[in-house]
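In what follows, chains are A, B, ... by sequence order, proteins preceding strands, each numbered from 1.
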Amino acid sequence: MDSCYNFSKIEKKWREEWEKNPINPPDDSKPKYYCLDMFPYPSGSGLHVGHWRGYVLSDVISRMKVLEGYEVLHPMGWDAFGLPAENFAISHNTHPSISTAENIANVKRKLHEISAIYDWDKEVNTTDKDYYKWTQWIFARMFENGLAYEKEMPLNWCPSCKCVLANEEATNGVCERCGSVVTKKNLRQWMLKITAYAERLLNDLDTLDWPEKVKKMQSDWIGKSYGAEVSFKVADTDKEIVVYTTRPDTLYGATFMVLSPEHAMVKEITIDEQREAVEQYCFEASTKSSVDRMSDKEKTGVFTGSYAINPLNNEKVPIWVAYYVLADYGTGAIMCVPAHDDRDFEFAKKFNLPIVQVILEKDAEEKELTQAYTGDGVMINSPLFEGMTAFEAKQKAPLILEEKGIGKKTVNYKLRDWVFSRQRYWGEPIPLVHCEKCGTVVVPDDQLPVELPNVSSYLPTETGESPLAAIDEWVNTTCPKCGGPAKRETNTMPQWAGSSWYFLRYTDPHNKNELASKENIAKWAPVDMYVGGIEHAVLHLLYARFYTKFLYDIGVVPFEEPFKRLFNQGMINKDGAKMSKSKGNVVSPDDLVERYGCDSLRLYELFVGPPEVDSEWDDSGIDGVFRYLNKLWKLVYTYKDKDIAPTKDMEFIKNKMIYEITNRVNALTMNTVVSGFMEFTNKIIEIAKKEDGINKDTLEAIVVLLSPFAPHMAEELWRELGHTESVFKQKWPVCDESKLVCDTVKIAVSVNGKARENIEISVDAPKEEVLKIAKEALGKRLDGKEIVKEIYVPNRIVNIVVK
RNA sequence: GCCGGUGUGGCGGAAUUGGUAGACGCACCGCACUCAAAAUGCGGCGGAGUUAUCCGUGCCGGUUCGAGUCCGGCCACCGGCACCA
């Protein structure tokens, strides 16, 4: 054994050894544990220390589970289709299939350097045709089950990506990927009916061990609300307009109605005198981006000239058109109660529309409102709800309206169907064929995969048409049904398609006949621990849940939720900002590995801060953990042959260490695990120096505990302690709690809550005795004071209250 | 605007969940070793001070023998959603 810690030598040695003899060989007799990282897009710029944070964490968990006796699945793969990969290829003037393969090789080499125990024989790549065959297969099943449909409508269009976006990709009117302002484009696109699963996606959140924050984001995104649909007759016609409201209790206060500009009835009800103004308004609205619409400070709108009849009081209420009413939520039309809704109030004030109060705040006088009152209160001016509070009326109104035949109880969701097709080359072709005779026909399973043609020209177009449309020999095909001439669907799938089910493929990555065998899925899935960034809270994680529920419904998987537990690691910032090439603040792990070794880097990744919190990277911080490893090395080197019979202190410190480290690991507070190692090592050194020796048990315990964190050093030290078998064949140490019991304990004595003295007492000393010792220790501090109260919390603290 | 989260030394952060605030580490200072430096070891390190003392966990108040931790009211920053009726 070298007297110095030669990390590069031992890391190379053990990495090679573990490749030859894996530390977690298959073993059916053990319980399983599936620990998964969100698989990366194989970026051309490699990995920075921020990426490693999650990978180190999942590796630590996996190794820990190996020691706990599990058979662990910890795979890695590549989310390699999609825009980033295609854009990278375009900017490097190459073909995405080539650059993707190169980038994968590069990132894979880097991953080896943290010695993460990935099961490389289970590696998947979404761009392999043996993989995307099954991505297409799942789409085909969705199509057959009526979950995929084609629709022409105004869609989010990113002018920079030259591609439509799903709602989830265009929050705040901005492209999630590139930050461009999204415009609207009327296009025919393939949609997935994720809304059919809204209720299940919402309800099953309760069953998940996920951060509350992510669950909240998903439930807000799904956005369930309870209310009623109410029919209003259009005055002097036989037409009806249905509105959706969450406040049917306020129906008597509805003094006007607003339709969205896209509402089908706008044309029909507009009177001739208003036609020009209404058409002008609708045209202007159609040219506005959602960002512009949202940033409008003032309400805009135009009167149609028609009136609707309030079904409860038969008042005529004017019908307006305004784009603050969204076309695709509810019915695209609303009843307006200015007295009790902020937006309606603002609109009424601007256009001088009547305001009628129907709820009176408790104990308040009825007087003119200066703003909408949206709280609870007593119903007024509302014969049907006489004597109720607004809260009661809200509950009862839908049923009352139903009885009167003018409305019905309804729920609504903000979730929209998933815009699924993309107008770019680098994605899975959608396995459909358009035949003049048979219509849209799904490609039969035995003809899957529909391979992406290998062409040199694949640049996106400005028109919203896929570049695949230009490849005649690929587009023109025969109809699988009638054999006649047909054309292929030229849109591709979004990047989310391949990542929505990849966790299943890992269980059986080479299966030629199924996406994965039932046995393997049942054995490994669902994922026990899923580690990744929070940026996928409502994208990948929602889509994967939807796919899983669908696959459950068609009998492919026996569970409804893919990821039992989710852990979001925090980002690592540098100089207060997210690491990015453009900011020039990227810290590369390469030279750190070279200077300190991967064990030090691993420890520092964990030590930098609580794993779920964003942390600031400080290069000099790694010196601390490097010094620690050297210190531990020296401890073992110095005392490995000075095994002595354990003293009580040694037994105590060993078990206390096991107890603390185990608890902290289980709580995933890895930063305190690392500080715990430092703390206990310091104490062990102190004891070893004092006794000129240490029992080998203690050294062995610390080495085994450390092995998930600094595996190379632990393996080396373990062998130095005289073992021929890998440290990963050991069991995680168990604390002997009987050794934690002490005869005496040190406690603080305070006066009026302020700590003054320390005393040592025997653990079972009676209260009177402890108080006596405490008062002696305080001595003169109590002179001339009157003792009001004496408090003793056993083995914790003494507090003397004086006047 | 609504909903979450966070606020502790020069810095990253601990605190057994109401019981000695600042563990552990970084940076810094002193000493030892050295011709010297690095490395290492030992010691110091919240502020003030009249050194047997006071103040101190964003601010103000409360509960309690005792509050970083609980309650009420503010402030600041970060994140999510945002005209969803």
Just how far, in rounded Å, is [atom2] of [N] from [atom1] of [X]?
X: A:E612; N: B:C78; atom1: CD; atom2: C1'; result: 15 Å
X: A:D614; N: B:G7; atom1: CG; atom2: C1'; result: 15 Å
X: A:K215; N: B:G79; atom1: NZ; atom2: P; result: 24 Å
X: A:D344; N: B:C83; atom1: CG; atom2: C1'; result: 10 Å
X: A:I661; N: B:U16; atom1: CD1; atom2: P; result: 16 Å
X: A:L629; N: B:G25; atom1: CG; atom2: P; result: 13 Å
X: A:L635; N: B:U40; atom1: CG; atom2: P; result: 16 Å
X: A:K789; N: B:G19; atom1: NZ; atom2: C1'; result: 15 Å

Using O4'-C1'-N9-C4 for purines and O4'-C1'-N1-C2 for pyrimidines, with syn meaning within 90° of 0, is [N] syn or anti?
N: B:U51; value: syn
N: B:U16; value: anti
N: B:G62; value: anti

(request) Take A:V325 and A:L259 through the side-chain contact (heavy atoms from CB on, under 4.5 Å) test and state the conclusion after the steps. (result) CA-CA 6 Å; A:V325 176; A:L259 310 184; over 6 Å; no
(message) Under 3.5 Å, is there any donor-acceptor pair linking the side chain of A:K299 to the base of B:C83?
(response)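 Side chain to base: pair present.
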With rounding to whole Å, what would you report as the distance between [N] and [M] at their [atom1] atoms?
N: B:C70; M: B:C26; atom1: P; value: 32 Å
N: B:G72; M: B:A67; atom1: C1'; value: 15 Å
N: B:G73; M: B:C78; atom1: P; value: 24 Å
N: B:C28; M: B:C45; atom1: C1'; value: 8 Å
N: B:G61; M: B:G47; atom1: C1'; value: 25 Å
N: B:C33; M: B:U57; atom1: C1'; value: 41 Å
N: B:A39; M: B:A23; atom1: C1'; value: 26 Å
N: B:C71; M: B:U64; atom1: P; value: 16 Å

Classify [X] by what it touches in the nucleic acid, base, sugar-phosphate, or nothing, heavy-atom distance under 4.0 Å.
X: A:R664; result: nothing
X: A:Y413; result: nothing
X: A:K414; result: base
X: A:E679; result: sugar-phosphate
X: A:V325; result: base
X: A:K656; result: nothing

Is the shortest side-chain N/O distance from [X] to OP1 or OP2 of [N] below 4.0 Å?
X: A:R796; N: B:C65; result: no
X: A:S225; N: B:A85; result: yes
X: A:Y329; N: B:A85; result: yes
X: A:N671; N: B:A14; result: yes
X: A:K631; N: B:A39; result: no
X: A:K683; N: B:A23; result: no
X: A:N682; N: B:G25; result: yes

(message) I want to know whether A:F626 and A:Y604 have ring centres closer than 6.0 Å.
(response)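 When the ring centroids of A:F626 and A:Y604 are compared, they turn out to be at least 6.0 Å apart.
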(message) Looking only at the aromatic ring of each residue, does the gap between the centers of A:F709 and A:F677 stay below 6.0 angstrom?
(response)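 That pair passes the under 6.0 Å test.
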(message) Against the six-membered ring of A:Y792, is A:K767 placed for a cation-pi contact (under 6.0 Å from the centre, within 45° of the normal)?
(response)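 The answer is no, since A:K767 fails at least one limit relative to A:Y792.
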With both distances kept under 3.5 Å, what pairs with [N], Watson-Crick or G-U wobble?
N: B:G1; answer: B:C81
N: B:C74; answer: B:G58
N: B:G43; answer: B:C29
N: B:U53; answer: B:A48
N: B:G22; answer: none

(message) Looking at A:K350, I want to see if its NZ is surrounded by more than 12 non-hydrogen atoms of other residues, nucleotides or ligands under 6.0 Å.
(response)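 Buried by this count: over 12 neighbours within 6.0 Å.
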(request) May I ask you to decide if the ring planes of A:F256 and A:F347 are parallel, tilted or perpendicular, using 30° and 60° as cut-offs? (result)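 If you compare the ring of A:F256 with that of A:F347, the planes turn out parallel.
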(message) I'd like to know if the side chain of A:S231 and the backbone of A:E229 have a donor-acceptor N/O pair within less than 3.5 Å.
(response)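 Judged by distance alone, no pair lies under 3.5 Å.
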(request) Show your working on side-chain contact (heavy atoms from CB on, under 4.5 Å) between A:N585 and A:W617 and close with a plain yes or no. (result) CA-CA 10 Å; A:N585 62 349; A:W617 186 267; over 6 Å; no
